[in-house]
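I have placed the structure first, in the form of structure tokens, so that the comments after it can refer back to it.
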Amino acid sequence: MTAKNFDAGQTGREKNRLADFAVVCGTNTIEISVKAARKSGNPENDMGTFHDHPTREKLFAASFTVWVRYDDSTKDAIRCDRVFFDRTWRFVGKSTLVDGVKYRKKDGNMRPKPWAMFDAGETFWKTEAEFEAAVKRAEAFRANEVVSERLKELSEADQNAPRRSAQTRWWANA
């Protein structure tokens, strides 16, 4: 591999970008994300939102993640406990609310599986197709939850009012 195989990307203004690292192989670009989390608790890192998931699928031929589990239980030093590398979808957790992926309700950001599954090499999804179906189920469930919560904040008249602009119809596409 040479420098032409690596995409330098763009400097991010915030911590979340589509790819931390991209490898270019001919006409294909492979995404590699890097995550780190403490050994003392299960990881809860952001793994991309439902909203940006289709963009990732279009931009990248494949997506991988490097997970670094570290131990900071001593005052002396932070020690790397273990490193994991696999297809990103294999690291995504399962929701306790719906037969779908684990996510944070406020933004639809997918969340990882527990460390025990990392250690055992287990995944909730046997295939990428099963994972994609789980994403769709969780995304629909979340959208219904958000709409239900927001509707409670509106009077009945406001709920039934005609919507004339895209801004006031946001809920129709959620």
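This structure is a prediction, so every number in the text was calculated from the model and none was measured.
With hydrogens and angles disregarded, a donor-acceptor distance shorter than 3.5 Å links the side chain of Asn42 to the backbone of Trp115. Side-chain atoms of Glu130 come within 3.5 Å of backbone N or O of Lys126 as a donor-acceptor pair. Side-chain atoms of Asp52 do not come within 3.5 Å of backbone N or O of Gly48 as any donor-acceptor pair. With hydrogens and angles ignored, the 3.5 Å screen pairs a side-chain donor or acceptor of Lys35 with a backbone N or O of Asp46.
Taking a cutoff of 4.0 Å between a charged side-chain nitrogen and a carboxylate oxygen, Arg69 and Asp119 qualify as a salt bridge. A salt bridge links Glu149 to Lys105: at least one charged side-chain nitrogen sits closer than 4.0 Å to a carboxylate oxygen. Salt-bridge annotation for Arg87 and Glu31: absent, with no side-chain N of the basic residue lying under 4.0 Å from a carboxylate O of the acidic one.
Checked options Val83, Val34, Asn45; the residue passing with Trp67 is Asn45 (criterion: side-chain contact (heavy atoms from CB on, under 4.5 Å)).
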Check against salt bridge (charged side-chain N to carboxylate O under 4.0 Å, His left out), Arg90 and Glu122: CA-CA 8 Å; Arg90 294 182 50 83; Glu122 297 173 347; over 6 Å; no
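Hydrophobic cluster membership is shared by Phe50 and Phe91, with clusters built from Ile, Leu, Val, Met, Phe, Trp and Tyr side chains linked at under 4.5 angstrom.
Asp76 and Thr74 share no donor-acceptor pair across their side chains, judged by distance under 3.5 Å alone. Side-chain contact annotation: His53 with Glu139, donor-acceptor N/O pair under 3.5 Å absent. Under the 3.5 Å distance criterion, with hydrogens and angles disregarded, no donor-acceptor pair is assigned to the side chains of Thr65 and Ser33.
Nearest heavy-atom pair, Val98 versus Arg137, reported as atom, atom and distance to 0.1 Å: CG2-O, 4.2 Å.
Summarising the local packing, CD of Glu156 is surrounded by 12 or fewer heavy atoms from other residues, nucleotides or ligands at distances under 6.0 Å.
With contacts defined as side-chain heavy-atom distances shorter than 4.5 Å, the pair Val92/Phe124 does not qualify.
The cationic group of Lys39 does not satisfy the cation-pi geometry with Tyr70, failing either the under 6.0 Å distance to the six-membered ring centre or the 45° limit from the ring axis.
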